[in-house]
Amino acid sequence: MSDILVFSEKQELLCEMLGKACEIALAGQRIIAAGWGLAADYARYGADKAYIIDELAEDATVESVVPALNGLIKRETISVVLVGATKRGKEISARLGALQDALGITDCKDIAIDQDAVEVQRMIYGGMAVRRERITRYPIIVSVPPRTFKRVERDKPIDFEQLALDQERKTKLIERKPNQVGTVNVEEADTLIVVGRGFGKEEDLALARELAGLVGGVLACTRPIAEDYHWMPEEVYVGLTGKSSKAKLHFSIGTSGQIQYVAGITDAGAIVSIDSNEKAPIWSATDYGIKGDLYSILPALNAEIRKAKG
Amino acid sequence: MLSIATCFKYVIDELDIRADVASRTLKMDRVSRKISDFDRNAIEEGVIQAKASEGKLTVISAGNDTAKNGFKDALSRGGSDAIFVCDDALGDVSAAATAKVLAAVLRRGEYNLVLCGEGSSDMYSQQVGPRVAELLGYPVITYVNNLSVQGNQVVAERKLEDGIEVVSCPLPAVVTVLGDINKPKVPGMKQILDAKKKPIQELSLADLGIPAEEIAAYSMERSEEASIMDRKQIMFDGPGAVAELVNALMSQGLIK
């Protein structure tokens, strides 16, 4: 088993993957980071060597790094490539897979290495099932979502090299239109309140907004609230194709618990659910629940919290 | 005049899958199949772009015999013709294998624009489109919710985590599309009847010069288990329910 290459355009995510790589690496397996930023940071979090990538040209997309990474996989002897599973990272890992004629696993939830194989775990069928795969064909390209693993300080000595980029590229970046300032980051919220179709009118979300204010939480929603009703922006819907909740306290209000929504809350700490449907699937995804009409429960909840806070 | 190909996958409808909680196995005996959700958007986008350029759309899929049923739906949604790579070796294969097969088919035609969904609703690997592009040596633009072809250039808007990215690349190119790029029309009776007259070319792996062993080499040892949420399921009811809930949350320091 040769070395592990870890890449992400997001430095924090790269360091999280370094944490896991150090944990699972076999004796003698080097961990090589490739990214932007400082070699000292990557060494601090476990890289034996860092390739620091040249600054991107103004008209270059992040994905223009693919030929350079491919060259690196060939030059170093790499058996496992970990790529941060942002959307850009997923495109990069797929393209590296094709160039290397390698298998690729997307959005891995866990990974282990033994002498004979790499074992990965991920969700399939909209979150309905967990699939475990044992791969013996190398290299293997695995993409890893943010906050799946934790970074750990390892303080390795700094060893780095510059990684030059291909200037030849067919795709040009014309413009970036960033999300509006003040857009909440659902995936970083410690307390999250998700509203679903149990709410009848957009104005009624005020009840949930009040709860969010009382508990210091971020307001989010299920996919239909964003994509069908347009009551909230798409950046805040939670689910398989949307954001994941990693909240310590997660409120699920008026959400019936469709599998694609539940797939987005598996990593939440405590899930509190309020829904009127006795038989809703949300109950099996609930730690603390009240069955009933959210229009009477939610105001009562807000009042009780206000009272408890004094 | 664009020559467009949309690749689609005929998948198990995940909403039909049941889980046996005790044994953690999946029950697939009552499942129906469908064209993967975002692939419907890719077919619709093919229709839109073909119309805009007075070009044509071919719909393409690879699978075993079960996949044949997908073509009725695909052709009633659009496309003048179809190509079906049918082989027993192609049931539930990985993205690496699928991309290899699709690239082999696409090389035989001269398509300016290849469209795919961003990911399939069953596996959601989000790999096939970019892999196909790399195998063909085409540029790829992923996660697109706005697409226009201007002369020999594709100009596309990608919806990414930090906002919209506007990019361009020359044709021929591969584009993977998001669900909000368009609203697929539901085929009417006329489209469904017309679909029956459209030709479907069937190819085997042998026709593409791909030995079955090559596809088998992409397989991995795998096992599946129904996801079980291991949650406390503590329910509060009666007049004191809300007070008890708040108490429970405060005692754990979840609300301060």
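Reminder, nothing fancy here: chain letters follow the sequence lines and each chain counts from 1.
In terms of heavy-atom pairs under 4.5 Å with chain A, the best-connected choice from B:N247, B:D92, B:V154 is B:D92. Across B:R158, B:K159, B:E165, the residue that shares the most heavy-atom pairs under 4.5 angstrom with chain A is B:E165. Interface summary for chain A: among B:L254, B:V246, B:D162, the most heavy-atom pairs under 4.5 angstrom belong to B:D162.
Side chain of B:E134 to backbone of A:L96: no donor-acceptor contact under 3.5 angstrom is found. Judged by distance alone, with hydrogens and angles left aside, the side-chain atoms of A:R176 form no donor-acceptor pair with the main-chain N or O of B:G163 at under 3.5 Å.
Looking at residues two or more places apart in sequence or on another chain, you find a side chain to side chain contact (heavy atoms under 4.5 Å, CB included) between A:E175 and A:K177, B:V166.
Heavy-atom minimum distance, B:S125 versus A:T106: O-OG1, 2.6 Å. Here the closest heavy-atom approach between residue A:K170 and residue B:P139 is recorded as CD-CD, 3.8 Å.
No side-chain heavy atom of A:E63 sits under 4.5 Å from any side-chain heavy atom of B:V140.
Both the backbone and the side chain of B:A226 come within contact range of chain A, judged by heavy atoms closer than 4.5 Å. Using a 4.5 Å cut-off between heavy atoms, A:V215 touches chain B through its side chain atoms alone.
With B:R231 as the partner, the side-chain hydrogen bond (donor to acceptor under 3.5 Å, both in side chains) test is satisfied by one option alone out of A:D287, A:T266, A:T286: A:D287.
For NZ of B:K27, the number of neighbouring non-hydrogen atoms (other residues, nucleotides, ligands) closer than 6.0 Å is 12 at most.
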